[in-house]
Enquirer: 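A single structure is presented below for examination.
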Amino acid sequence: MFDAVTTWYRHNRRDLPMRSDHVSPWATLVFEVMSQQTPIPRVQPIWERWMERWPTPVDLARARRSDVLVAWDHLGYPSRALRLHACAQVIANRPGSRVPADMDALLELPGIGPYTASAVASFSFHQRVPVLDTNIRRVLTRVFDGRQFARKSAPSRAEQNRAWSLLPDEGDACALWNVAIMELGALVCTQRAPLCDQCPISERCRWLADGQPADAVKPRGQAWAGTDRQARGRVMALLRDAHASSAERVGRDAVIEAATLPGAPADQAVQVVDALVNDGLIEVDRRGTYGLPD
DNA sequence: AATTCGGGGGT
DNA sequence: ACCCCAGAATT
């Protein structure tokens with residue numbers, strides 16, 4: 001399994017800048033945070049500009065949150081940007097301002113959960129830990145369980161045990177294994193139309209052997225049009241533009257207008273703006289004008 | 001375990 | 001129109 005997947009990886013991997021050997025642990029951490037629920041192609045250009053501007057945790061720790069939110073641009077889930085900023089400040093106060101190398105310490109950091117902690121621990125520090133992202137979970141579920149998709153909820157204990165059991169003995173090999181099987185899920189064992197004829201482990205795949213049975217229809221996800229998230233996104237876009245162009249603040253009327261969606265309940269805009277203030281993503285001054293925090 | 005948190009490109 | 005995407009925090 002290891003040889004088949006890693007050999008495939010060597011010949012088929014994408015040439016991503018963040019996989020370069022001279023990428024720092026901090027740069028890797030930033031990339032993994034940006035990649036949470038966000039496709040790689042959209043992350044890449046923003047990550048490159050970001051690391052040029054704030055190469056180290058100390059650099060980002062000193063930045064203003066408003067500049068951080070503008071640089072985050074439209075990556076989505078802007079609370080991630082604030083958590084990353086807070087994370088930089090925690091790391092900047094550690095000895096040597098170093099990114100911690102072990103899982104327990106990484107998990108203490110703001111915005112760093114099981115996936116990101118394991119990715120940094122494995123890819124940057126070659127710790128012997130499994131990585132269970134959406135791609136790897138899908139591959140392992142198909143190969144071993146014969147099901148089309150992993151469960152929507154967090155990885156079960158059984159999934160984690162299996163991931164551990166597949167790890168090679170050495171940390172270096174684990175890093176290669178993790179990135180290789182992740183890439184296999186991203187390029188071959190895809191969500192929609194897996195390319196099983198190109199898969200190096202198709203012979204051992206229970207799902208393929210069973211005739212690719214389809215899972216039961218999954219419950220529908222959250223709609224988009226008219227949601228709080230859409231309204232919040234509009235407010236953030238308005239304030240990003242205002243800050244980026246002239247560092248100007250915006251009156252309440254304009255903010256409420258941005259938060260008002262066609263056909264939405266009348267009180268949605270007000271509630272959304274209040275929630276953004278509460279989340280620390282926007283601020284009101286004494287005159288009642290709005291802007292990005294600090 | 002279920003919800004909430006953006007945004008855009010593919011199908 | 002709907003789907004998902006190198007998830008995390010909160011309840």
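Computed from heavy atoms alone, side chains included, the values below leave out hydrogens, waters and symmetry copies. Convention: sequence-line order gives letters A, B, ...; per-chain numbering from 1.
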Enquirer: Using the C1' atom as the reference point in each nucleotide, state the distance between B/dG9 and C/dA8 in Å, no decimals.
Expert: 24 Å

Enquirer: Mind checking A/Arg232 for me? I need base, sugar-phosphate or nothing, with any heavy atom below 4.0 Å counting as a touch.
Expert: sugar-phosphate

Enquirer: Please determine whether a side-chain nitrogen or oxygen atom of A/Thr134 lies at a distance below 4.0 Å from atom OP1 or OP2 of C/dA6.
Expert: no

Enquirer: Can you see whether A/Asn12 engages A/Glu183 through a side-chain donor-acceptor pair at a distance of less than 3.5 angstrom?
Expert: no

Enquirer: Just checking A/Ile136: base, sugar-phosphate only, or nothing, at a heavy-atom cut-off of under 4.0 Å?
Expert: nothing

Enquirer: Would you kindly compare A/Met236 and A/Ser153 by the position of their nearest DNA chain B nucleotide and give the one closer to the 5′ end?
Expert: A/Ser153

Enquirer: Could you tell me whether A/Gly76 contacts a base, only the sugar-phosphate backbone, or nothing, with contacts defined as non-hydrogen atoms closer than 4.0 Å?
Expert: base

Enquirer: Return no unless some side-chain N or O of A/Gln191 is found under 4.0 Å from OP1 or OP2 of C/dC5.
Expert: yes

Enquirer: Quick check on C/dG7: is either OP1 or OP2 less than 4.0 Å from any side-chain nitrogen or oxygen of A/Arg137?
Expert: no

Enquirer: For C/dG7 and A/Gln37 - does any side-chain N or O of the residue sit under 4.0 Å from the phosphate oxygens OP1/OP2?
Expert: yes

Enquirer: How is A/Leu276 classified with respect to the nucleic acid when contacts are heavy atoms under 4.0 Å: base, sugar-phosphate, or nothing?
Expert: nothing

Enquirer: Where is the tightest heavy-atom contact between A/Phe123 and A/Met182, given as atom of each residue plus distance?
Expert: CZ-CE, 3.6 Å

